[in-house]
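Written below as structure tokens is the structure these notes are about.
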Amino acid sequence: MKLSAADKSTLIDFGNRLKRVLLRLKIKQKDFAEKINVTPNTVCLWVKGKRDISLTYLYRIIDYFHDSFPDFNAVLELCPDMVLNEQRNITSIQRENIISRLQSLPEDLQCEVAVKCNLSKWDEIFEDSLISAAKKILRSTR
């Protein structure tokens, strides 16, 4: 699949951000790759903006920085737009299917799930803390 100009620009932007972060924190790409369980070539391609990054790996990267550098805001540094765009890729049919399954649970279990997840409505199930944090950051930087 051929990437659009906007997608290429996003990859290059992410790669530049990742490169700056690694340089600032004095982390070698090889060591970073080992920590997040990818090949050094994969990290090199990300830094060059030549390989797309899945949400799974983006979470690994953010988790690594969060755990290793707790004062460092990885979401803000590594482009919160990417997290939001990936979250939007869930189709409306998939969302409806998940919500339908949740609503088919017994009422007491529905309440328990809603309380544990701190949800006021089932649509909020698609907003995890990282997405919410990214949205807050985006709103505050506009």
Side-chain angles (χ1 to χ4, degrees), residues 1-105 108-142:
M1 181 170 89
K2 202 164 192 171
L3 294 175
S4 70
D7 289 339
K8 285 180 187 176
S9 176
T10 299
L11 288 179
I12 290 168
D13 181 55
F14 175 78
N16 289 334
R17 287 172 182 262
L18 180 58
K19 183 178 182 178
R20 281 193 307 268
V21 165
L22 293 175
L23 287 172
R24 186 173 55 187
L25 297 174
K26 298 178 182 163
I27 303 169
K28 293 180 182 176
Q29 288 183 21
K30 180 183 173 193
D31 296 335
F32 177 67
E34 187 178 298
K35 296 289 185 188
I36 63 167
N37 200 25
V38 297
T39 66
N41 187 53
T42 297
V43 173
C44 181
L45 292 172
W46 287 340
V47 166
K48 291 179 179 179
K50 296 188 180 227
R51 177 170 287 170
D52 196 4
I53 183 167
S54 71
L55 188 57
T56 300
Y57 288 115
L58 187 59
Y59 278 132
R60 278 190 200 175
I61 290 168
I62 291 169
D63 285 345
Y64 165 73
F65 286 123
H66 178 73
D67 293 344
S68 302
F69 305 92
D71 295 333
F72 174 72
N73 189 334
V75 175
L76 181 59
E77 292 287 333
L78 295 174
C79 192
D81 288 335
M82 290 186 72
V83 177
L84 296 174
N85 288 338
E86 188 68 31
Q87 190 266 347
R88 287 185 198 112
N89 288 335
I90 297 175
T91 67
S92 60
I93 293 171
Q94 288 170 316
R95 287 174 187 241
E96 288 172 19
N97 185 16
I98 292 168
I99 290 172
S100 172
R101 287 181 181 190
L102 288 168
Q103 290 172 333
S104 70
L105 293 170
D108 59 334
L109 188 54
Q110 281 189 45
C111 290
E112 185 179 332
V113 170
V115 167
K116 283 187 177 179
C117 296
N118 197 22
L119 303 172
S120 59
K121 57 184 182 177
W122 285 122
D123 288 352
E124 293 174 357
I125 195 83
F126 297 105
E127 297 223 0
D128 64 22
S129 58
L130 184 58
I131 300 295
S132 297
K135 283 184 175 181
K136 286 177 188 172
I137 291 166
L138 283 175
R139 282 193 295 269
S140 69
T141 59
R142 288 186 180 155

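Side-chain atoms of K30 and P40, non-hydrogen and from C-beta on, do get closer than 4.5 Å to each other. Side-chain contact check for I61 versus F32: some heavy-atom pair is nearer than 4.5 Å.
K48 meets the side-chain contact (heavy atoms from CB on, under 4.5 Å) test with C44, K50; sequence neighbours excluded. Listed by chain and number, the residues in a side-chain contact (heavy atoms from CB on, under 4.5 Å) with D63 amount to none (sequence neighbours excluded). Partners of S68 under the side-chain contact (heavy atoms from CB on, under 4.5 Å) rule, at least two apart in sequence or in another chain, are Y64.
Of all heavy-atom pairs spanning I53 and L11, the tightest one is N-CD2, 4.4 Å.
Atom CG of L18 is separated from atom CG of L58 by 10.0 Å, given to the nearest 0.5 angstrom. For the atom pair CG (D67) and CD1 (I62), the distance works out to 12.0 Å, reported to the nearest 0.5 Å.
Residue pairs meeting the side chain to side chain donor-acceptor pair (under 3.5 Å) criterion with at least one member in residues 33-46, sequence neighbours excluded, are T39-T42, T42-R51.
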Side-chain donor/acceptor pairs under 3.5 Å, residues 19-26, sequence neighbours excluded:
residue	atom	partner	partner atom	Å
R24	NH2	E77	OE1	3.4

